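See structure below.
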Amino acid sequence: MARGASSLTKRDLVIVESPAKARTVGRFLGDKYVVKASMGHVRDLPTGALGIDVENDFAPEYVNVKDRATLIAEIKRAAKQADSVYLATDPDREGEAISWHLVEAADLGKVNNLKRVVFHEITDSAVAEAFADPRDIDMELVNAQQARRLLDRLVGFTLSPVLWKKVKAGLSAGRVQSVALRIIVDREREIEAFKPEEYWVISVDLETEAGTRTYNFNAALSAVAGQKGKPVVDNETTATAIKNDLDSASYIVSSITRREVRQRPRSPFTTSTLQQQAARSFRFSAQRTMRIAQDLYEGIELGSSDPVGLITYMRTDSVNLAQNALDEAEAFIRTAYGPEYTSGPKRYKTKSKSAQEAHEAVRPTSAENTPEKVAPFLSSEQLRLYTMIWKRTIASQMTDAIVDNTGVEIEATASNGNVHTVRATGSVIKFDGFRKLYTEIRDEDAEDEDNKQLPAMNEGDALEKKSVNADQKFTQPPPRFTEANLIRFLEEQGIGRPSTYASIVGTIERRQYVDREKTRFKPTPLGTGVSDFLTQHFSNIMDTGFTSGMESKLDSVAEGEQDWVEMLREFFGPFEKRVEDTLANADRVDHKTLVQKSDEKCEGGDNLVIRTGRYGKFLSCGRFPECRVTISTRPGARATGEVKENWEITWKTAMEKCAIVHPEAAAAVAAEAEAKRGARGKRRSANGKTAGKSKRRTKAAAK
DNA sequence: CAGTGAGCGAGCTTCCGCTTGACTT
């Protein structure tokens, strides 16, 4: 290797956040630079304690992140051998803070030429420009990050213990997870309160002749005689009357309207839209999508070459594309599809206000790496995700599709003189534009307007009725959230970040606040209890606007308009009071309301409840400890039909312990409890302290 | 080892956001 060379010539040190980025940037800069990756934050608050001296202006106690000790030492050493050190971490709040922590942790303050450089895209020119224009660390931006970090710690480490005391030990609360939970609980309430309403969908199948052929098409009821506006048909009597009218009616085309509509391509992917679309198209979890994207980002060996990063960074909130990517896409479209499919670069704007836009959109690193070309080197899941990213990126630069929408109003004059209106719509794609390459599955809740063509008709044409359809329907409650829907909602509210979307769900599932029914979230009784408790006592934190309020304050801190310690003080003073008040006055949440009932009943007539122990879920009687029935089959598994052969026997044996039906079982239970109490009492009086220890030992041995 | 387990004796638990490996089961 170039060992001799590096010890002779001094090499400047550059620090970025990710190793893959370090490789690329290293290639651009050449061998006069050594590029290292910080691998995210290197210092943070301690894990086992608050680490904030609230009384002393919220002074934080930072410690080096475990597993980063050798890295920090390496950076220290490399800095000593360098003339200049460039801090090239991401151009956002967290990136600025990482740079500052690096200085503190690796003693970089002593370095003569310490420079902060930022670039928003990893291209040769962007990196060169950044290095030509270095600056100092922006302490106001760092302070905004510290305020964010400390506020999250204060909220999490103060609220969680309130839950331990008032609800159940080991629970957690936080600025992000608790709002996510509340959204799911609120939706469940909406569903429970929903009252379905009846409505009728009425349409007519019509026929017309054009030339030698006959054409059939469908027209929906659009106006009812004597009603204004959209038709309201909410009962069978009205529906039947209209159906009878339409059955006897004659049909004349009264007007035809044509409208040209442009369909715009969708913007390039951000983390959140990528996760949503991968969920819709492939049913990938957010976590799976991110794992695959990480592989594509880090690099794939294409044939005999060195690994090539196929996509840009996958944790981003930006829809922006680098200039060279725009140029390359335009050139590619021109040759592959023809000049009429491009009309110059299309730029998109982020909708979310909290976006920090430190990176580009998720895009292929080269338009030339078509899915066909890279297919032999990718696994099937990699290829699916890559193809979607490639197509959506290229399509985002293609021309709009032009669609001709036709609406035909048809007067239906019934034999009794009633005149209703039915309407047929059709759309014809005149120019496909981006649709030549990419159309995607829409939201499952939205109706899809497919490409229906209507036959040629003229005003005054008489049409023949084939049949009339009247279908009774009921309005549906809003659907439960899927993972993708939840992520979209959180992003819209500015809650959570690209690097955390996939794990938010994991947190509230791990705490057993929510369950999944198929792929949708349903709150557990525990989750509902926690959400209700927090909403009652800490309504400000449980509000979806809490984070956006925090963000605008952080912006003022970053602009130097507000002192970060002052900001924390303003928040924490009233919050702490609220906590003290709640601890002193709030009732403890009744444990009975927190258990999940199953569909099964105990022999004594009480509901069997689902509990979770060290070994997973099990059923037990709701009247524990009085009744000691337990069954170790999972209720979920049983519901899907995966019943053990000997279920009947298992069930019977279990029920013999029912104290309500079997008095001898009750007696045995009582005797056992008495024996235990005696033993425990004896041990306790002999040596109070070892009792607890021995219990822990058995717990460890059981594992 | 058989067939548990279930937060009231003590001490533990907990946050959000940034980023990848890996003592071996």
Side-chain angles (χ1 to χ4, degrees), chain A residues 16-22 37-52 65 67-68 71 89-90 92-99 101 145 148-165 167-178 290-291 294 297-298 313-315 356 358 495-501 503-504 507 510-511 541 547 550 588 591 594-595 609-625 628 630-632 650 653-654 680-681 683-685 688-696 698-699 701-702:
Chain A
V16 297
E17 288 181 38
S18 93
K21 192 168 172 179
S38 80
M39 316 264 267
H41 278 288
V42 296
R43 288 204 318 172
D44 191 14
L45 297 171
T47 50
L50 182 65
I52 301 171
V65 171
D67 300 345
R68 293 286 176 276
L71 182 82
T89 51
D90 292 351
D92 58 13
R93 206 159 62 205
E94 297 295 329
E96 202 71 17
I98 289 173
S99 277
H101 280 304
Q145 191 274 347
R148 198 281 303 157
R149 178 67 188 94
L150 269 55
L151 187 140
D152 281 336
R153 172 54 71 93
L154 289 168
V155 169
F157 274 42
T158 314
L159 274 190
S160 299
V162 176
L163 293 181
W164 304 343
K165 202 139 179 248
V167 185
K168 195 181 153 182
L171 300 180
S172 69
R175 172 176 59 85
V176 171
Q177 60 167 288
S178 296
M290 293 310 277
R291 182 177 45 74
Q294 181 89 31
Y297 167 71
E298 283 179 2
Y313 197 56
M314 60 280 152
R315 289 186 276 268
Q356 308 211 0
I495 300 167
R497 300 282 310 141
S499 63
T500 59
Y501 293 137
S503 62
I504 295 168
T507 304
R510 198 170 53 249
R511 299 263 172 265
I541 293 191
T547 291
M550 177 192 80
R588 200 182 148 85
H591 272 106
L594 300 179
V595 296
V609 299
I610 303 165
R611 294 187 203 271
T612 311
R614 286 206 299 278
Y615 313 99
K617 289 188 175 177
F618 67 100
L619 288 173
S620 83
C621 184
R623 275 173 73 169
F624 178 87
R628 315 206 51 117
T630 62
I631 303 171
S632 60
T650 311
T653 322
R680 222 186 296 154
R683 216 183 320 157
R684 186 170 143 74
S685 58
K689 286 217 164 166
T690 48
K693 266 194 180 168
S694 74
K695 191 185 171 192
R696 258 213 303 290
T698 49
K699 226 177 192 175

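First the proteins, then the strands, lettered A, B, ... as listed; each starts at 1. Bear in mind that the values here come from a model prediction, so they are computed numbers and not experimental data.
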Using the closest heavy atom to pick a nucleotide of DNA chain B for each, name whichever of Pro498(A) or Ala169(A) lands nearer the 5' end. Ala169(A)
Under 3.5 Å: donor-acceptor pair, side chain of Thr500(A), backbone of Gly496(A): no
Once you apply a heavy-atom cut-off of 4.0 Å, does Leu171(A) come out as touching a base, just sugar-phosphate, or nothing? sugar-phosphate
Quote, to the nearest angstrom, the P distance that separates dT14(B) from dG7(B). 16 Å
Rounded to whole Å, please give me the gap between CD in Gln177(A) and P in dG17(B). 11 Å
Check the side chains of Ser18(A) and Tyr297(A) for a donor-acceptor pair under 3.5 angstrom, ignoring hydrogens and angles. yes
Looking only at atom P, what distance separates dT24(B) and dT20(B), rounded to whole Å? 24 Å
Exactly one of Arg315(A), Arg149(A), Arg148(A), Arg497(A) clears salt bridge (charged side-chain N to carboxylate O under 4.0 Å, His left out) with Glu94(A), and that residue is Arg148(A)
Which atom of Ser160(A) lies closest to which atom of Ser172(A), heavy atoms considered: OG-CA, 3.5 Å
Taking only N and O in the side chain of Arg511(A), is any of them less than 4.0 Å away from OP1 or OP2 of dC15(B)? yes
Check against salt bridge (charged side-chain N to carboxylate O under 4.0 Å, His left out), Asp90(A) and Lys21(A): CA-CA 10 Å; Asp90(A) 292 351; Lys21(A) 192 168 172 179; 2.9 Å; yes
Is any N or O donor-acceptor pair between the side chain of Arg497(A) and the base of dC16(B) shorter than 3.5 Å? no
Give a yes or no on whether a donor-acceptor pair under 3.5 Å exists between the nucleobase atoms of dC16(B), that is its base, and the side chain of Arg153(A). no
Only one of Glu96(A), His41(A), Gln145(A), Arg43(A) forms a side-chain hydrogen bond (donor to acceptor under 3.5 Å, both in side chains) with His101(A), so which one is it? Arg43(A)
Expressed in angstrom and rounded to an integer, what is the separation of Arg149(A) atom CZ from dC15(B) atom C1'? 6 Å
Given atom NZ of Lys165(A) and atom P of dG11(B), what is their separation to the nearest angstrom? 17 Å
Need one value for Gly95(A): base, sugar-phosphate or nothing, where a base atom within 4.0 Å counts as base even if backbone is also close, heavy atoms only. nothing
Touch check for Ala173(A), heavy atoms < 4.0 angstrom, all strands: base, sugar-phosphate only, or nothing? sugar-phosphate
From CG of Asp152(A) across to P of dC15(B) the rounded distance in Å is 11 Å
Select base, sugar-phosphate, or nothing to describe what Val155(A) touches, counting heavy atoms under 4.0 Å on all strands. nothing
Tell me which nucleotide among dG7(B), dG17(B), dC15(B) gets nearest to the side chain of Lys168(A). dG7(B)
Say you pick atom P in dT25(B) and the same atom in dG21(B); how far apart are they, in whole Å? 23 Å
Taking the C1' atom of each, how far is dC8(B) from dC12(B), in whole Å? 16 Å
Tell me: CD1 of Ile52(A) to P of dT14(B), nearest whole Å? 17 Å
All heavy atoms of Arg175(A) vs all of Asp152(A), minimum pair found to be NE-OD1, 2.6 Å
Check the phosphate of dG17(B) against Gln145(A), side-chain N and O only, distance under 4.0 Å to OP1 or OP2. Yes or no? no
So do the side chains of Val167(A) and Val162(A) get within less than 4.5 Å of each other, counting heavy atoms only? no
Expressed in angstrom and rounded to an integer, what is the separation of Glu96(A) atom CD from dG17(B) atom P? 19 Å
Identify whether any heavy atom of Arg148(A) sits under 4.0 Å from a base atom; if not, whether one sits that close to sugar-phosphate; answer base, sugar-phosphate or nothing. base
Minimum side-chain heavy-atom gap Val42(A)-Leu71(A) below 4.5 Å: yes
Distance check needed: dC18(B) P versus Leu45(A) CG, whole Å only. 15 Å
Hey, is Phe157(A) stacking on dC15(B)? Ring centres under 5.5 Å, planes under 30°. no
Does OP1 or OP2 of dC16(B) have a side-chain N or O of Thr500(A) closer than 4.0 Å? no
Leu154(A) CG to dG17(B) P, in whole Å, measures 15 Å
Any N/O pairs under 3.5 Å between the protein and nucleotides 19-23 of chain B? List them or say none.
unit_1: dT19(B); atom_1: OP1; unit_2: Asp90(A); atom_2: OD2; d: 3.3
unit_1: dT19(B); atom_1: OP1; unit_2: Tyr313(A); atom_2: OH; d: 2.3
unit_1: dT19(B); atom_1: OP2; unit_2: Tyr313(A); atom_2: OH; d: 2.9
unit_1: dT19(B); atom_1: OP2; unit_2: Arg315(A); atom_2: NE; d: 2.9
unit_1: dT19(B); atom_1: O5'; unit_2: Tyr313(A); atom_2: OH; d: 3.0
unit_1: dT19(B); atom_1: O4'; unit_2: Gly40(A); atom_2: N; d: 3.3
unit_1: dT20(B); atom_1: OP1; unit_2: Ser18(A); atom_2: OG; d: 3.3
unit_1: dT20(B); atom_1: OP2; unit_2: Gln294(A); atom_2: NE2; d: 3.0
unit_1: dT20(B); atom_1: OP2; unit_2: Arg315(A); atom_2: NH2; d: 2.6

Closest-nucleotide 5' rank along DNA chain B - winner of Leu159(A) and Asp92(A): Leu159(A)
